[in-house]
Amino acid sequence: MAAKADTSLFKPELVFFDFEATTRDELFSELGARLDAQGYIKDTWYEAVTTRERKYPTGLQTPTLALAIPHADPQYLERPYIAIVKPKVPIEFEAMAGIGDPVDARLIINLGVLRDGGQVEVLQTLMNIFMDDGAAAGIMAQDTPEGMVSAITEHFA
Amino acid sequence: MAAKVIVACGSGVATSQTVASKISRLLKQRGVEADVEAVDIKALKHAIKDADAYVSIVKSDEEFTIPVFNGVAFLTGMGQDAELDALVAAIKDK
């Protein structure tokens, strides 16, 4: 049996609505500063996540909205986390696999997952949320970190 | 014999495993026997040698000798049915 998704990875302290970023690099820089302050990442993370995003872009046009799921390899993490950023303005991400146009991501989900950390269940559940208009709207309507965490974790049975 | 399907992403951790698990489930629902394996991009060259299909979620200009499918469709659900139909057609007799 696959490991059950660990919803404790979603935390209000890791939900951000106040980023001023207008570009990917600015976003990673703001996010890196917050994650570093809370001890989630190593100081090599910024370089790793920006390099990886250039090589393997993570923008996704889902049926409900455009989002991005940037991630760095596990060796750049101190401990697992999932961070959610709803930036003030959409941030352009190249499309995953280079399929289709770049997407203006309205939500960025940074997967700080370790190997065998239940990441399959987490990502699968997240993707299912964004196939559903009502569920996606429910998440995008959130404006508090606590609300965002519960709007997401309620989909994990 | 079961067909072998390879899914690759940059790290072999999050995305490729998720897509592999979904494809595995969808193929089972269609009654198609297949081993679906997630690998990181560095292991692709080796893994692809005895594979029947490659599901890609990374940019590549490389040419492959086996059929290549769009893995993003399985992640987002956009265009998933068409991609699954094509994958099933490619591997069902393997």
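Remember, predicted model here, so these are calculated numbers, not experimental data. In what follows, chains are A, B, ... by sequence order, proteins preceding strands, each numbered from 1.
For the pair A/L60/B/M78, no side-chain contact is recorded, criterion being any heavy-atom separation below 4.5 Å from C-beta on. The closest side-chain heavy-atom distance from B/I41 to A/Y56 is below 4.5 Å. At least one side-chain heavy atom of A/M96 sits less than 4.5 Å from a side-chain heavy atom of B/L75.
Within a 6.0 Å radius of CZ in A/R34, more than 12 heavy atoms belonging to other residues, nucleotides or ligands are found.
Taking each heavy atom of A/L123 and B/T15 in turn, the nearest pair found is CD2-CA, 3.8 Å. For B/A14 against A/H71, the heavy-atom pair with the smallest separation is CB-NE2, 4.3 Å.
Most heavy-atom pairs under 4.5 Å with chain B, from the set A/A97, A/P63, A/G100: that is A/A97.
If you take CG on A/N128 and NZ on B/K22, they are separated by 5.5 Å, rounding to the nearest 0.5 Å. Rounding to the nearest 0.5 Å places CD of B/Q80 at 12.5 Å from CE of A/M127.
At a threshold of 4.5 Å between side-chain heavy atoms, the hydrophobic network of Ile, Leu, Val, Met, Phe, Trp and Tyr places A/M140 and A/V89 in two separate groups. In the hydrophobic cluster analysis, where Ile, Leu, Val, Met, Phe, Trp and Tyr join through side-chain heavy atoms closer than 4.5 angstrom, A/I109 is grouped together with A/F17.
Of the two parts of A/E94, neither the backbone nor the side chain holds a non-hydrogen atom closer than 4.5 Å to a non-hydrogen atom of chain B. In this structure, the portions of B/V58 lying under 4.5 Å from any heavy atom of chain A include both its backbone and its side chain.
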